[in-house]
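We name chains A, B, ... by the order of the sequence lines, and we start the count at 1 in each one.
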Number of protein chains: 2
Amino acid sequence: MFNTNKEDLNETQIKIMEAAMAEFLEKGFSGARMQNIADNAGMNKALLHYYYRNKESLFKQVFRDVLIDMFSMLTDIIETEIDFESKLNKLVKSYMNYLIEHRQFPLFLLNEIYRNPEIVDQVLRESDVSETWDKFYNELCQSQKNGDVIELNPAHIIVTIVSLVVFPVAASNVITRFADISQSEYYEFLQERIDIIPEFLIKALLKK
Amino acid sequence: MFNTNKEDLNETQIKIMEAAMAEFLEKGFSGARMQNIADNAGMNKALLHYYYRNKESLFKQVFRDVLIDMFSMLTDIIETEIDFESKLNKLVKSYMNYLIEHRQFPLFLLNEIYRNPEIVDQVLRESDVSETWDKFYNELCQSQKNGDVIELNPAHIIVTIVSLVVFPVAASNVITRFADISQSEYYEFLQERIDIIPEFLIKALLKK
DNA sequence: TTTAATTTTGACCAATTAGTTAAATCAAAA
DNA sequence: TTTTGATTTAACTAATTGGTCAAAATTAAA
């Protein structure tokens, strides 16, 4: 998929990547400051530019890493050969769990892809994300032909699934503020959803 | 709700607000440039500061306007007295239509509230957004008591509805890139969803 | 041990950017 | 017409920020 081997990064590079990821996730590309990254990595700013030509290349690397991380587990599940209902159930549960542990990822991706399409396009093209989705798409079509899944443009079904899984995490800050609840209360709420959503989807999408 | 009367803005202020909104929606707070705003408003940068103390106050005004716009129509519909199914149907359809015409709004709000909670908090508190949601929440509870709506924590129902309505718009750039389709193809797709989603929700949430 | 290459640093630079100031212009009132 | 206050501008400032460079420190090789 990508030719980034985390193994052949030295200690300095790892510290840079950790600090850079924290900074970019929190502030986004335009809000992030190279000086902050250097400080939090415990080093001189010039050393950042020694390892990464400029802010953009450092950002690209972070973006790559986030994208890989977000889709590798997804790919693993989609590749396994089980019936559609089980796969849907496992996919949704695993992914919701994953997103709850990486709450910053969805909004980061949504945002940077919106604001920086050029930077991001090439990274996206290098990945095999779309192939993975193709496989799921085809299995969905097959399940529809088998009469297991309701008749509805499969693209709509996929967007429905993704919406229900991703949005509550991407919008967690907005929701906690609007509903005036604490982060931990909302965390509990999301935990509940891990059981509710697969059930909801299976009821709504599968013919019984 | 807010005491901003668009009527008592002079021509200059209107030009500023239009240019500022375009800039902030496209680039976000940290990516936006006062110079760009001045240029696109066809004026000197100092004039910006004559009307708005600083970038932050200008941004707040834009944020306010977006928030008001996004929730005023919502409020109108929620306030009308019709049965729950009709209200849900109308709410979802109107709002999806609205969002398709204002695609930049959802991601803008998600993002700025995440990155700038302080700036945004006071604007949020001034609004009566939460009251509006309370009314909908109560009507939902009532419909559950009447046996019209399935038993499920109403908060989960509301988040489910909002996810399905908002996410496909907020993520439109990501989805068009991942699915490798054009903006206009996705626009068609969203138009289809305006009929699909209310139907889907009513089937999933209402007892028949 | 000496030499060469790599890694790290402090000090600096150039460009950008938000914000200021004082003067000029304009409109309305006296 | 003159004066007064509001509006607009050009030129400027101070601070921030991404990026550079030459030298120092460290590590690896000879």
Side-chain angles (χ1 to χ4, degrees), chain A residues 4-64 108 111-112 115-116 118-120 123, chain B residues 4-64 108 111-112 115-116 118-120 123:
Chain A
T4 332
N5 310 329
K6 281 220 170 161
E7 291 78 33
D8 53 50
L9 293 181
N10 64 36
E11 217 175 304
T12 307
Q13 284 169 297
I14 290 171
K15 279 194 289 180
I16 292 177
M17 286 308 296
E18 283 173 352
M21 184 168 294
E23 179 79 0
F24 282 127
L25 283 175
E26 203 190 317
K27 319 254 184 79
F29 178 79
S30 57
R33 296 291 167 252
M34 295 297 268
Q35 188 61 60
N36 282 345
I37 296 173
D39 291 348
N40 293 331
M43 66 184 59
N44 193 292
K45 194 177 52 162
L47 196 53
L48 244 58
H49 289 88
Y50 176 75
Y51 283 103
Y52 299 89
R53 215 188 324 283
N54 50 33
K55 189 181 180 183
E56 202 170 288
S57 76
L58 180 56
F59 174 80
K60 266 190 194 169
Q61 193 55 57
V62 168
F63 184 84
R64 259 193 173 77
F108 172 76
N111 212 36
E112 298 304 331
R115 301 231 146 83
N116 257 322
E118 334 78 50
I119 286 189
V120 139
V123 179
Chain B
T4 332
N5 308 330
K6 281 216 171 164
E7 290 77 34
D8 53 51
L9 294 180
N10 64 36
E11 216 176 306
T12 308
Q13 285 170 297
I14 290 171
K15 280 194 288 179
I16 292 177
M17 286 308 296
E18 283 173 353
M21 184 168 294
E23 179 79 0
F24 283 127
L25 283 175
E26 201 189 317
K27 318 256 182 77
F29 178 79
S30 56
R33 298 289 168 252
M34 294 296 270
Q35 187 62 60
N36 282 346
I37 295 172
D39 290 350
N40 293 331
M43 67 183 60
N44 192 288
K45 195 177 50 157
L47 196 51
L48 245 56
H49 289 90
Y50 175 75
Y51 283 103
Y52 300 90
R53 214 188 326 284
N54 50 33
K55 189 181 180 183
E56 204 171 288
S57 77
L58 180 55
F59 173 81
K60 266 190 196 170
Q61 194 54 57
V62 168
F63 184 85
R64 256 191 177 78
F108 172 76
N111 212 36
E112 298 305 332
R115 300 232 147 84
N116 258 322
E118 333 78 50
I119 286 190
V120 140
V123 180

Requested in this report: Considering non-hydrogen atoms only, spot the tightest contact between B:Ile37 and B:Ile16 and give its length.
Outcome: CG2-O, 4.2 Å
Query raised in the report: Which residue pairs pass the ring-ring contact (aromatic ring centres under 6.0 Å, His included) test when at least one of the two sits in residues 37-58 of chain B, sequence neighbours left out?
Result: none
Report task. Rounded to the nearest 0.5 Å, what's the gap from CG on B:Leu58 to CE on B:Met17? Could you check? Result -> 6.5 Å
Report task. Give, for atom CG of B:Asn116 and atom CZ of B:Phe59, the distance between the pair rounded to the nearest 0.5 Å. Result -> 5.5 Å
Query raised in the report: Between which nucleotides of DNA chain D, read 5' to 3', does contact with chain A run, using atoms under 4.0 Å from its heavy atoms?
Result: D:dT17 to D:dC21
Query - Residues touching DNA chain D, which here means a heavy atom under 4.0 Å, drawn from residues 45-55 of chain B - result: B:Ala46, B:Leu47, B:Tyr50, B:Tyr51
Report task. Quick one: closest heavy-atom pair of B:Phe108 and B:Phe63, and the distance? Result -> CE2-CD1, 3.9 Å
Query raised in the report: According to the salt bridge (Lys or Arg N to Asp or Glu O under 4.0 Å) rule, which pairs have a member within residues 26-49 of chain B, sequence neighbours left out?
Result: B:Glu23-B:Lys27
**Report entry** Those residues of residues 23-33 of chain A lying under 4.0 Å from DNA chain C by at least one heavy atom
**Finding:** none
Requested in this report: Report the residues that fulfil side-chain hydrogen bond (donor to acceptor under 3.5 Å, both in side chains) with A:Ser57, sequence neighbours left out, ordered by chain and then residue number.
Outcome: none
Report summary line: Residues at least two apart in sequence or cross-chain that pass side-chain hydrogen bond (donor to acceptor under 3.5 Å, both in side chains) with A:Lys60, listed by chain then number, are A:Gln122
**Report entry** Contact boundaries on DNA chain C for chain B, cut-off under 4.0 Å to non-hydrogen atoms
**Finding:** C:dT17 to C:dT21
Query raised in the report: Partners of B:Glu56 by side-chain hydrogen bond (donor to acceptor under 3.5 Å, both in side chains), sequence neighbours excluded?
Result: none
Query raised in the report: Taking only residues two or more places apart in sequence, or in another chain, which ones meet B:Ala22 in a side chain to side chain contact (heavy atoms under 4.5 Å, CB included)?
Result: none
Requested in this report: Work out which heavy atom in A:Gln13 is nearest to a heavy atom in A:Leu9; give both atom names and the distance.
Outcome: OE1-CA, 3.6 Å
Report summary line: Residues A:Gly28 and A:Glu112: closest non-hydrogen pair is CA-OE2, 3.2 Å
